[in-house]
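What follows is a single structure, written as structure tokens, with notes after it.
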Amino acid sequence: MDKEELIKILHATESPDKIAKWLRKQYFPEIMNRYNLEASRKRFGLYRNEQIPSNERNLTDVRTRMGVLIEFELARLSNEILPELGIEDVFWSYVVANRFPDLEIRENNGNRLLRLEIKCLQCIAEEKSANFDTLIKDINPNTDFVIVCLWDWDDGGNDTCQWDLAPKLFKMYVFHAYSLAQLRDTYWLNKPPADLGTGYQGFDVRYAVTCTDSVFSKEQGNYGKLTRIWKKDFAYRPVETPALLDTEAEYIKFQREIIRAGFEILAKKQLSELRNGEISYIVYEGQNIGYAVEDVGYVMKAMRKSKVQEIALQNRLSILVSMTEKYRSTIYKMQPDSIDELAKNEKPKNVVEIINQS
DNA sequence: ATGTCGATCGTGAAGGTGTC
DNA sequence: GACACCTTCACGATCGACAT
């Protein structure tokens, strides 16, 4: 990493889209590598059959806490890098008050430079939905960025430490905060609920405000959900700047990849519990739509029974699991002359047992 | 039958109000 | 004043009715 370049970025003296690209291509890949080293991961691991809740409601608590811990560790690693490069007068600080953002780069005199909001999503969460609800008026277009960390528990990477599982970062996404907020608001304001009545959907001094049958209320926490911010080809568009286009492209990629990442982890894990062979891809019409081991396959694509049969035949499968975007599964079992549906709309945690019992 | 979208949850800090 | 009980917040998420 180039010292002079890093100093320029941290001082936010480059254009926002250039900062976003640099953070995305140079900086956070290095941070992610360091985070994923055994020396760092071992401090977050689960050892000797330690368990975390499996119940959905309490799982969320663990995810929230992991979010805080990852955020802290990113800053800690960053503060390790600075002196390595001989930068002594700048540091990453934690914003203690519950307000935007999470981390601020500061000079020793307290002057604020780059500011970062960290969001963490677990790959296999059924509906990944951290909220970015900071109002535009609170965002500085020159210094503020949103960093999304995609993580999950992973049993690999332990050489000297004997953890069962430790969190691993799979991908980090960088968004220009102001552009992301513009996309969010352009979408939200132009897509109010159908039952507004005579009211409006908008903002007061502190919050997004929504309206149902002419009764106003503080928005309940759906505004700014990361998975609901923007849609490709939406009819209304904010003013296009390089930063906005960069953020839009990153967002579209993000939306697709985070769903796929969870599917990959779930499919591979369940396949390894069901069969012992090597994992292969399931390819359909030139597209990689899933994974198979021996006679069991997982795909993430809606399909009719005729197509299920075709894919099963091509890949010599007797069991095919088809997952939706929220990893709800339909389990098909091939019979000589027909196809049985072992389960429909099933949660991921039940799938392996259903297959084993059939 | 899948995707969309509003409503709601559990946590650990704490503040606010009511009852004795 | 002591205590019970309800509500607040941000966080990352899940639920479930309804639209497509």
Side-chain angles (χ1 to χ4, degrees), chain A residues 52-72 94-103 117-135 138 146-153 167 173 184 187-197 199 201 206-213 215-232 234 254-256 258-259 262-263 299-308 321-332 341 343-350:
Chain A
I52 49 173
S54 56
N55 157 303
E56 279 78 9
R57 278 277 171 257
N58 301 103
L59 249 181
T60 306
D61 317 338
V62 178
R63 288 167 178 161
T64 303
R65 182 159 166 76
M66 273 310 305
V68 177
L69 291 172
I70 289 172
E71 173 191 323
F72 173 84
Y94 310 101
V95 175
V96 179
N98 265 321
R99 62 152 175 91
F100 174 87
D102 294 317
L103 304 172
E117 172 79 4
I118 312 292
K119 300 285 178 193
C120 294
L121 304 176
Q122 187 176 353
C123 294
I124 65 165
E126 290 161 27
E127 190 179 337
K128 295 171 266 297
S129 56
N131 294 49
F132 174 54
D133 56 3
T134 308
L135 297 185
D138 298 321
V146 176
I147 314 297
V148 180
C149 305
L150 190 61
W151 71 277
D152 216 308
W153 298 101
Y173 298 89
R184 175 196 66 198
Y187 186 76
W188 190 69
L189 291 172
N190 287 294
K191 228 174 171 314
D195 54 355
L196 272 180
Q201 180 160 270
R206 289 180 301 167
Y207 314 112
V209 174
T210 188
C211 189
T212 304
D213 295 330
V215 179
F216 287 101
S217 59
K218 181 183 168 188
E219 206 281 338
Q220 308 91 323
N222 298 306
Y223 170 68
K225 270 187 176 170
L226 283 181
T227 47
R228 304 184 187 181
I229 281 185
W230 181 248
K231 285 218 171 57
K232 197 169 182 263
F234 188 60
F254 158 83
Q255 237 175 2
R256 183 168 24 101
I258 60 168
I259 291 170
F263 167 72
V299 295
M300 202 174 68
K301 203 175 177 71
M303 53 181 76
R304 291 169 184 280
K305 279 201 173 178
S306 59
K307 208 158 137 189
V308 170
V321 180
S322 161
M323 285 190 172
T324 69
E325 292 191 346
K326 289 186 186 175
Y327 314 129
R328 292 297 180 123
S329 302
T330 306
I331 311 172
Y332 299 99
E341 239 176 52
K344 236 182 199 173
N345 206 30
E346 195 61 59
K347 288 198 160 229
K349 64 180 177 187
N350 302 324

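Proteins come first, then strands; the chains are lettered A, B, ... in the order of their sequence lines, and each starts at number 1.
The shortest side-chain heavy-atom distance between A:Leu103 and A:Tyr94 falls under the 4.5 Å cut-off. Within the 4.5 Å cutoff, side-chain heavy atoms of A:Glu126 are placed close to those of A:Lys347. The side-chain heavy atoms of A:Val148 and A:Phe132, taken from C-beta on, include no pair separated by under 4.5 Å.
Checking C:dC15, C:dA13, B:dG3 against every side-chain atom of A:Thr324, the shortest atom distance belongs to B:dG3. Checking C:dC11, B:dC5, C:dG12 against every side-chain atom of A:Asp102, the shortest atom distance belongs to C:dC11. Distance from the side chain of A:Arg63 is smallest for C:dG12 among the nucleotides B:dC5, C:dC15, C:dG12. Closest to the side chain of A:Lys347, from the set C:dT14, C:dG16, C:dA13, is C:dT14. In the set C:dC11, B:dC5, C:dA13, C:dA13 carries the atom at the smallest distance from any side-chain atom of A:Lys225. Nearest to the side chain of A:Glu325, among C:dA13, C:dG16, B:dG3, sits B:dG3. When distances are taken from the side chain of A:Tyr187 to each of B:dC5, B:dG6, C:dG12, the shortest belongs to B:dC5.
For A:Arg65 against C:dG12, a side-chain-to-base donor-acceptor contact under 3.5 Å is absent. A donor N or O paired with an acceptor N or O is not found under 3.5 Å between the base of B:dG6 and the side-chain atoms of A:Lys191.
As a whole-Å value, the separation of A:Met300 CE from B:dA1 C1' is 16 Å. Taking atom CD on A:Glu71 and atom P on C:dA10, their separation rounds to 15 Å, with Å as the unit. A:Tyr327 places its OH atom 15 Å from the P atom of C:dC15, with the value rounded to the nearest Å. A straight line from CZ of A:Phe132 to P of C:dC11 spans 11 Å, rounded to a whole angstrom. One interatomic measurement links the two molecules: CG of A:Asn190 to P of B:dC5, which rounds to 13 Å at whole-angstrom precision.
OP1 or OP2 of C:dC11 has not a single side-chain nitrogen or oxygen of A:Lys128 nearer than 4.0 Å. For A:Lys119 and C:dG12, the shortest distance from a side-chain N or O to OP1 or OP2 is below 4.0 Å. Phosphate proximity of B:dA1 to A:Lys344: present, with a side-chain N or O under 4.0 Å from OP1 or OP2.
Ion pairing between a basic and an acidic side chain is recognised when a charged N comes within 4.0 Å of a carboxylate O; A:Lys326 and A:Glu127 show such pairing.
Annotation: the span from A:Glu71 atom CD to A:Leu69 atom CG amounts to 9.5 Å, rounded to 0.5 Å.
Among the atoms of the strands shown, only primed sugar atoms or phosphate atoms (P, OP1, OP2) are found under 4.0 Å from some heavy atom of A:Glu126.
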